[in-house]
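One structure is given below, encoded as structure tokens.
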Amino acid sequence: MKDFVNRVVLVGTGAVGSSYAFALLNQGVTEELVLIDLNVDKSEGDAMDLNHGLPFAPSRTKIWFGDYSDCKSADIVVLTAGANQRPGETRLDLVEKNTKIMKSIVEEIMANGFEGIFVVASNPVDILTYAVWKYSGMPKERVIGSGTILDTARLRFLLGKYFDVDTRNIHAYIIGEHGDTELPVWSHADIACVSIYNWINQSEKFKRDDLDEIFMNVRDAAYHIIQRKGATYYGIAMGLVRLTKAILQNEHSVLTVSTYLNGEYGHKDIFIGVPAVVTRKGVREIVEIKLDKEEKEKFNYSVEVLKKTMGPVLK
Ligand code: NAD
């Protein structure tokens with residue numbers, strides 16, 4: 001019988017990385033989990049701590065703190081290393097700092113013969129995903145950013161609360177930059193196949209203007225959380241586990257990840273958050289939603305801002 005073992009290597013065991021490792025172990029997603037960080041003590045301590053939870057986990061996971069040679073037989077390398085947002089700092093402010101960090105990490109990973117899929121979460125995630133693709137030389141399908149996976153989750157949570165319906169019955173996406181220029185696709189948002197606009201028209205307690213407020217709370221959620229506790233990590237950690245599962249279990253799930261556009265949505269040569277089908281081989285295809293005029297303009301603007309910001313660093 002074939003000895004088939006899934007291995008995830010995590011680079012960056014800070015707040016996001018260690019929360020991801022914890023969530024991964026709790027959901028029993030992978031047989032092997034390797035932790036790497038510049039701060040070796042931290043990753044070694046995390047490996048010890050997580051291993052002590054094994055008797056309570058749903059399945060066996062072999063966890064150790066390792067080095068880049070462990071990437072050779074990895075199925076997925078998840079990148080959560082880098083500086084995070086300081087209060088008042090935008091994700092785009094991080095671009096130069098984190099691009100340099102990514103370059104050195106990706107070069108080490110590739111030098112060790114990695115042939116799997118990169119999952120990128122470090123910010124600014126769309127630009128860093130592009131950077132990882134460029135520095136690694138991997139096919140575009142095998143470099144996936146967390147994109148607007150978290151923003152979409154935040155939107156579904158808030159809509160679920162507003163309409164008092166289970167979030168799993170809500171189909172609504174945030175697309176574009178994971179950041180200030182992202183946008184909700186209201187024209188195709190529905191709950192149980194009924195358009196969000198119909199839900200609003202059906203009852204006086206719902207108002208169209210409330211949708212704007214819901215979106216603002218989604219867009220600015222990171223700022224609100226950072227102001228209160230310095231960083232955000234649980235939501236993204238669970239989003240990354242969702243993405244890891246979709247890949248390892250060959251789910252063909254549609255997730256709003258940061259992926260390479262090659263003409264889709266009218267743009268080329270950019271990684272940005274759009275719905276895409278995720279499989280064991282990476283991104284199989286992009287789902288192209290027919291945006292209305294206003295959404296198209298907002299999406300174009302998001303692309304423009306990303307291109308302008310990454311231009312000086314990556315061209
Ligand atoms: P953190 O400071 O807690 O952790 C970062 C870790 O990276 C540290 O442990 C640090 O030692 C390590 N690191 C730095 N340089 C390294 C290198 N060259 N090699 C190996 N490890 C290195 O930060 P955090 O809160 O965990 O955030 C991590 C990243 O995730 C940030 O860029 C943050 O903006 C991003 N983030 C993304 C999302 C999303 O939705 N995509 C959400 C939250 C945070």
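Ligands are counted one by one from 1 in listed order, and the atoms in each one are counted from 1 as well.
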Taking only heavy atoms of [X] into account, list the atoms of ligand 1 that are under 4.0 Å away from them.
X    : value
A81  : 7 (O), 13 (N), 21 (N), 22 (C)
T80  : 28 (C), 29 (C)
I105 : 17 (C), 18 (N), 19 (N)

Is [X] touching ligand 1 with its side chain, its backbone, both, or neither, if touching means heavy atoms under 4.0 Å apart?
X    : result
I236 : side chain
N123 : both
S122 : both
T232 : both
A222 : neither
H178 : side chain
I36  : neither

Do [X] and [Y] have side-chain N/O donor and acceptor atoms under 3.5 Å apart?
X    : Y    : value
D180 : Y223 : yes
H178 : D126 : no
Y260 : T129 : no

Please verify the inter-ring angle class for W199 with F163; under 30° counts as parallel, over 60° as perpendicular, anything in between as tilted.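 W199 and F163: perpendicular rings.
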Below 30° counts as parallel, above 60° as perpendicular, anything between as tilted: where do the rings of F271 and Y130 land?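 Ring orientation, 0 to 90° scale: perpendicular.
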Measure from atom 18 (N) of ligand 1 to every heavy atom in I101, N98, D46 and give the option owning the shortest one.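 When every heavy atom of I101, N98, D46 is considered, I101 comes closest to atom 18 (N) of ligand 1.
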Would you please indicate yes or no on a ring centroid separation below 6.0 angstrom for F206 and Y162?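 Close enough - the centres of the two rings lie under 6.0 Å apart.
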Could you pull out all residues at least two apart from Y265 that satisfy ring-ring contact (aromatic ring centres under 6.0 Å, His included)?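 Testing Y265 for ring-ring contact (aromatic ring centres under 6.0 Å, His included), a comparison that skips the adjacent residues, returns F299.
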Run the contact test for S18 against ligand 1 with a 4.0 Å cut-off on heavy atoms, strictly below, and give the result.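 In this structure, S18 fails to qualify as a contact of ligand 1 - no heavy atom is under 4.0 Å.
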